[in-house]
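First the structure, in the form of structure tokens, and then the observations on it.
Side chains included, hydrogens not; waters and symmetry mates left out as well; all remaining heavy atoms used.
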Protein chains: 2
Amino acid sequence: MDKVNIKRLAEELKLSTSTISRALQDSYQIGAETKQRVLELAKKLNYQPNAHASSLGSRRSKTIAVVIPEVFDSYFALAINGIEAVAQARGYHVLIYLTHERLQLEQEILHAFQSGRVDGVVMSVSAETTSTAHIQALRAQGVPVVFFDRAADDIDTARVTTNDAESTYQGTCHLLERQCTTLVLLSISRHLSISRQRIEGYRRALAEHGISQRDDVIDCGQDPEANCELVKNTLEARPGIDGIISTVEMLTESAYQACAALHLRIPHDVKVVSFYNARSAAILNPSLTTISQPAFEMGKTAATLLLKALRNPKSTLVAENVVLPSVLTIRNSTTFVG
Amino acid sequence: MDKVNIKRLAEELKLSTSTISRALQDSYQIGAETKQRVLELAKKLNYQPNAHASSLGSRRSKTIAVVIPEVFDSYFALAINGIEAVAQARGYHVLIYLTHERLQLEQEILHAFQSGRVDGVVMSVSAETTSTAHIQALRAQGVPVVFFDRAADDIDTARVTTNDAESTYQGTCHLLERQCTTLVLLSISRHLSISRQRIEGYRRALAEHGISQRDDVIDCGQDPEANCELVKNTLEARPGIDGIISTVEMLTESAYQACAALHLRIPHDVKVVSFYNARSAAILNPSLTTISQPAFEMGKTAATLLLKALRNPKSTLVAENVVLPSVLTIRNSTTFVG
DNA sequence: GTGAAAGCGCTAACAT
DNA sequence: ATGTTAGCGCTTTCAC
């Protein structure tokens, strides 16, 4: 029982390996009848093409990499689903790499991609990513990169984002319309483009309502407990706060728990709106007013753009910006309580 | 500017390609000084080894596959983190495949692994997986498979599970101790080993409390709305129900919403305990009593077992069963209300 | 429409 | 400690 490879098929059918190869690729040069025979024997012998040999020979791996900070938030979990859906449909494989929000890891990962392991990359930059030379270097090697959600501003490539500024603006306006007078915004990593955009939308809403605040952006970290403390301390230090807008799903928990610890009732004392994608929003205590990003679609779109670029050899990925809007869903955490 | 490969390095240093190859692999046969020179030039020229050529030549891909049903539940998201953590630490790469709970997809995915694309597989079977020939076939080809969470009973290999029966038993006892008299258990796919185990633990608890019930297992599907309807209909049809135990994170939402729709108060009218891993458990309305699996550790352990097996060529993966206990955390959804 | 042959870039005996 | 030499299994010109 020899291993079944292209050579074996060739021998059995008294054809050359190149004919077999072409037949398996459904090449137009091969006669229908021959194709038929090849496919039949391949199936009969349970032939499985060696992916590495194929990649080596063709210089295309049919593999894309997904580089993301974490998979805790529902956002990235849902985005993976979207990416995987289109990849699977097109016969592509998906390698997952987590940067754990560290620039150095991100650099190492991308650097290694120069080996040709992957044909392209779909990524969301880490919270630490200020310098982007590693991304540029990869692109210079001809590996296309598509950003989704968290993009690097200074790189001209396709990106799929949501209307960060606008949706935060809407969320903030919503709080203000519900009679909030003093707000705080929970943020991570201010040099992240999306963070800045969200803050900008927030500020614009405040400005339009004639409100000027200072020190109203709380920079949180990765540790939920520490963040909870941070929020708690802020709420204690400035008792007037009656509205919280959280820009990350993870921070919702900290906001709720900080309020609980201080016996502040939501929405009575403090109203909360959060970027949030998990279905649990509806069954929180109280149910949460959310800004939810179309995570699945964003992943799907990013992967689609990448695969499209991969189709023509001259992988020309133009600086295209697809914006998929988030939706504000009003629930009890911002109910007006006269 | 030629492409920089091992041959190029060899020429520049006037060494053979094999010496370069060995030096790069830190072989003991190579002199320290030579190694030094090779590594320096490699770095200087930004040499990146071609992963496919390497895999082809060595017949080892340094890649493992993760095959899971979905990434919606926090469980799998957390498990991915665990798997990725150990893979990254050992220089392995992680390919993600989603079966979307479909046996056919799972079969196709595993079948394709016979090509040598991956060195091993960490998997959780789909809800439809009754036949396991595809898994056996892969193992027969010498590709080791480690199960985590959802294992196939009839396959003798390493598996990492939680104490499904025992923890469900505990959760059920907890409900009974809180004076519940009529329970239902929300399940998916009864032929899944873990489902059966959980049901068994549940039944044992009931039996020990002298309770015999019928038709108390509700078989849910993948659609949250449909599941909600199902739960609602059951609660309506049998008004005595005062305790729900949900065996899947996703079903918690359906349980909560069904209760809300019927104006049943949790925990007053109905108490709820659920397998649940998301941090949001603490801020649900009411906060949820959970049985939480050590998801990250389970992923980590499964990957560790796989990589260990991969180290010795004779990939002997014995039928070893690592059980990491879940923890019951009591919150308000099961508070006793006299 | 099919075949011959030269790689793809690296690994791994086998030599020395 | 280093070199020689075959592959690994497939793709892809270039012939016919």
What do you reckon, is NZ of B:Lys7 surrounded by more than 12 foreign heavy atoms closer than 6.0 Å? no
Do the side-chain N and O atoms of [X] and [Y] include a donor-acceptor pair separated by under 3.5 angstrom?
X: A:Thr129; Y: A:Ser126; result: yes
X: B:Ser21; Y: B:Ser18; result: no
X: A:Asn50; Y: B:Ser115; result: no
X: B:Gln136; Y: B:Thr132; result: no

Who passes ring-ring contact (aromatic ring centres under 6.0 Å, His included) against A:Phe147, sequence neighbours left out? none
Can you name the residues that form a ring-ring contact (aromatic ring centres under 6.0 Å, His included) with A:Tyr97, not counting sequence neighbours? A:Phe113, B:His93
Are side-chain heavy atoms of [X] and [Y] found at a separation under 4.5 Å?
X: A:Arg311; Y: A:Arg90; value: yes
X: B:Leu24; Y: B:Ile20; value: yes
X: A:Thr99; Y: A:Gln104; value: no

Going by the angle between their ring planes, with limits at 30° and 60°, are B:Phe76 and B:Phe148 parallel, tilted or perpendicular? perpendicular
Between residues 45-61 of chain B and DNA chain D, which residues have a heavy-atom gap below 4.0 Å? B:Leu56, B:Gly57, B:Arg59
Donor-acceptor contacts, no H, no angles, side chain residues 79-88 of chain B, under 3.5 Å, sequence neighbours left out:
{"from": "B:Asn81", "atom 1": "ND2", "to": "B:Ala77", "atom 2": "O", "distance (Å)": "3.0"}
{"from": "B:Glu84", "atom 1": "OE1", "to": "A:His100", "atom 2": "NE2", "distance (Å)": "3.4"}
{"from": "B:Glu84", "atom 1": "OE2", "to": "A:Leu98", "atom 2": "N", "distance (Å)": "3.0"}
{"from": "B:Glu84", "atom 1": "OE2", "to": "B:Gln88", "atom 2": "NE2", "distance (Å)": "2.7"}

Once salt bridge (charged side-chain N to carboxylate O under 4.0 Å, His left out) is applied, what residue pairs with a partner in residues 120-144 of chain A remain, sequence neighbours excluded? none
Test: A:Asp26 and A:Lys35 ion pair at under 4.0 Å: yes
Salt-bridge contact B:Glu12-B:Arg8 (side-chain N to carboxylate O under 4.0 Å): yes
Looking at residues at least two apart in the chain, or sitting in another chain, which of them share a salt bridge (Lys or Arg N to Asp or Glu O under 4.0 Å) with A:Arg150? A:Glu101
Check each residue of residues 11-25 of chain A for a non-hydrogen atom within less than 4.0 Å of any atom in DNA chain C, then write out the ones that pass by number, or none. A:Lys14, A:Leu15, A:Ser16, A:Ser18, A:Thr19, A:Arg22
I need the residues from residues 28-43 of chain A with at least one non-hydrogen atom less than 4.0 Å from DNA chain C; give them sorted by number, or say none. A:Gln29, A:Ile30, A:Gly31, A:Thr34
Residue pairs, two or more places apart or on separate chains, that pass side chain to side chain donor-acceptor pair (under 3.5 Å) and touch residues 298-308 of chain A: none
Where chain B begins and ends its contact with DNA chain D, read 5' to 3' at 4.0 Å from heavy atoms: D:dA1 to D:dG9
Under 4.0 Å from a heavy atom of chain A: give me the 5'-most and 3'-most nucleotides of DNA chain C that qualify. C:dG1 to C:dG9
Global bending angle along the helix from C:dG1-D:dC16 to C:dT16-D:dA1, which compares the axes of five pairs at either end, to 10 degrees: 30°
